[in-house]
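Chain letters run A, B, ... following the sequence lines, proteins first and then strands; every chain starts at 1.
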Protein chains: 2
Amino acid sequence: MNVQSETADKRKAILETTLELIRQYGLQGTPISLIAKNANVAAGTIYHYFQNKEAIITELHNVIREEMLAEMFTEKNEGKDFRSQFFSGWTNLCRYFIANPGSLIFIQQYNSAPHFKGIKKKNNKIPVDKFSEFFQSGMDNGYLKKMEYNLVASVVFGAIMATAKYHITGRFDYTDQDLCKIATIIWDGIKLQ
Amino acid sequence: MNVQSETADKRKAILETTLELIRQYGLQGTPISLIAKNANVAAGTIYHYFQNKEAIITELHNVIREEMLAEMFTEKNEGKDFRSQFFSGWTNLCRYFIANPGSLIFIQQYNSAPHFKGIKKKNNKIPVDKFSEFFQSGMDNGYLKKMEYNLVASVVFGAIMATAKYHITGRFDYTDQDLCKIATIIWDGIKLQ
DNA sequence: TGTTTCCGATTGAACGTTCATTCGGGGCGC
DNA sequence: GCGCCCCGAATGAACGTTCAATCGGAAACA
């Protein structure tokens, strides 16, 4: 353990601990003191690595966004046909949330309380481009019904969040096969009949 | 204004004010002091009508659940065919959330932070019966694909929440016609092809 | 009718706790 | 000895809740 890796570890530990605590106690329910305790770090140390609590939240949000994008658009999808790309994109993101419940809880809470005290969201924009481009190409090439992108988005993303949420909270228990079935429902809904 | 109606009004004012504040500032972001101020009531008065903050939240949750059920299963749907029942049930609930953004924000936050400090959810069960019965009847009568209820639920409810959410946050702007289009996507996904 | 008694409704200051953040200092590598 | 990393007690604001004090109308009595 050299100094540099320890330093890097400390920052990382703070982020990971925060995400885990948010999963358990929610965005507002995780005080700095608890983060410090669980990350084996002093409260003051946190303020050495981050400007304030909001900065931790914002960084987590950015990290999770990147991970979500990476899950949906992996390189090995490039060659596949449109339908396969849709299926693997949908199930990958859903599996990501199931495997990383903290990310789902975080995203949901972050999006559902626009005006948390001390947490102001400046950039509320979604990288809509990649998704809308993808679906647009599906329509142009005759795979999908012609319709506005945002109508499709409601169904596709809504189902991902709900499915992962139900699974995580233990309401239902979805197998890999179940995820494919759900993706099939959606595909049947959006494909050109 | 006799005494009785004033008393009833005060209780109602507290509930309504709380819901509106939660819409703006989130579940954890609305202190009792602010509720008191906006409801034109002293802080102590709130504790005359409710045991504590949790009691307000719990009552709001029950009220909203009732309203949701009422929207989905209205009496004038009784005679209609299955497809029409699905359409009006889906769009009604979606329109309800769009017309009552506070209810959507509340439900989302209530469900997404299971362990809010001071807010313990004892009864996490959904009145699944009515919904599952409805979809089961659709399968038995040959309107829907044969599949487990919970797979359908993910898509149907996920889309409702996401659609209303996108509309409320102003990300997209859904017309009544758009809601029907989205319902059509889902219907095409779950119907027996 | 006028007066007194009573009691629930209402108030807002006060309390104890918890929170995010600050600060002064200690230790270690260069 | 200078600069960076780290500590944890200290700070003050904000929170949910309590409580002694007040209000005002209804009932009881004269």
Does [X] place a side-chain N or O at less than 4.0 Å from the phosphate oxygens OP1/OP2 of [N]?
| X | N | result |
| --- | --- | --- |
| K10(B) | dA9(C) | no |
| T45(B) | dA9(C) | no |
| Y49(B) | dT10(C) | yes |
| H48(B) | dT10(C) | no |
| K53(A) | dT21(C) | no |

Length of the line joining [X]:[atom1] and [N]:[atom2], which is rounded to integer Å:
| X | N | atom1 | atom2 | result |
| --- | --- | --- | --- | --- |
| I46(B) | dG16(D) | CD1 | C1' | 10 Å |
| Q28(B) | dT18(C) | CD | P | 15 Å |
| E54(B) | dC15(D) | CD | C1' | 16 Å |
| I32(A) | dT22(C) | CD1 | C1' | 13 Å |
| D9(B) | dT10(C) | CG | C1' | 16 Å |
| L27(A) | dC19(C) | CG | C1' | 15 Å |
| Y47(B) | dA20(D) | OH | C1' | 18 Å |
| I35(B) | dA14(D) | CD1 | C1' | 14 Å |

By nearest atom, which of the nucleotides [options] is closest to the [X] side chain?
| X | options | answer |
| --- | --- | --- |
| V41(B) | dT11(C), dG16(D), dT21(C) | dT11(C) |
| N52(B) | dT17(D), dT11(C), dT21(C) | dT17(D) |
| A43(A) | dT21(C), dT17(D), dC19(C) | dT21(C) |
| A42(B) | dT11(C), dT21(C), dG16(D) | dT11(C) |

Checklist line | Non-neighbouring partners of E67(B) that pass salt bridge (charged side-chain N to carboxylate O under 4.0 Å, His left out), sequence neighbours left out | finding: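 Checked E67(B) against salt bridge (charged side-chain N to carboxylate O under 4.0 Å, His left out); zero matches.
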
Notebook entry, point to check: K37(A): what forms a salt bridge (charged side-chain N to carboxylate O under 4.0 Å, His left out) with it, not counting sequence neighbours?
Noted result: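 Partners of K37(A) under the salt bridge (charged side-chain N to carboxylate O under 4.0 Å, His left out) test: none.
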
Next item on the list: Return the orientation label for the F135(B) and Y149(B) ring planes: parallel under 30°, perpendicular over 60°, tilted otherwise.
Entry: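 Taking Y149(B) first and then F135(B), their aromatic rings sit tilted (interplane angle of 30° to 60°).
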
Margin query: Side chains of Y47(B) and I32(B), heavy atoms from C-beta outward: is any pair under 4.5 Å?
Written below: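 Sidechains of I32(B) and Y47(B): in contact.
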
Notebook entry, point to check: Taking for each residue the nucleotide of DNA chain C with the nearest heavy atom, is it S33(A) or Q51(A) whose nucleotide lies nearer the 5' end?
Noted result: S33(A)

Item checked: Test item: K165(B) side-chain N/O and N111(A) main-chain N/O as donor-acceptor pair under 3.5 Å -> yes

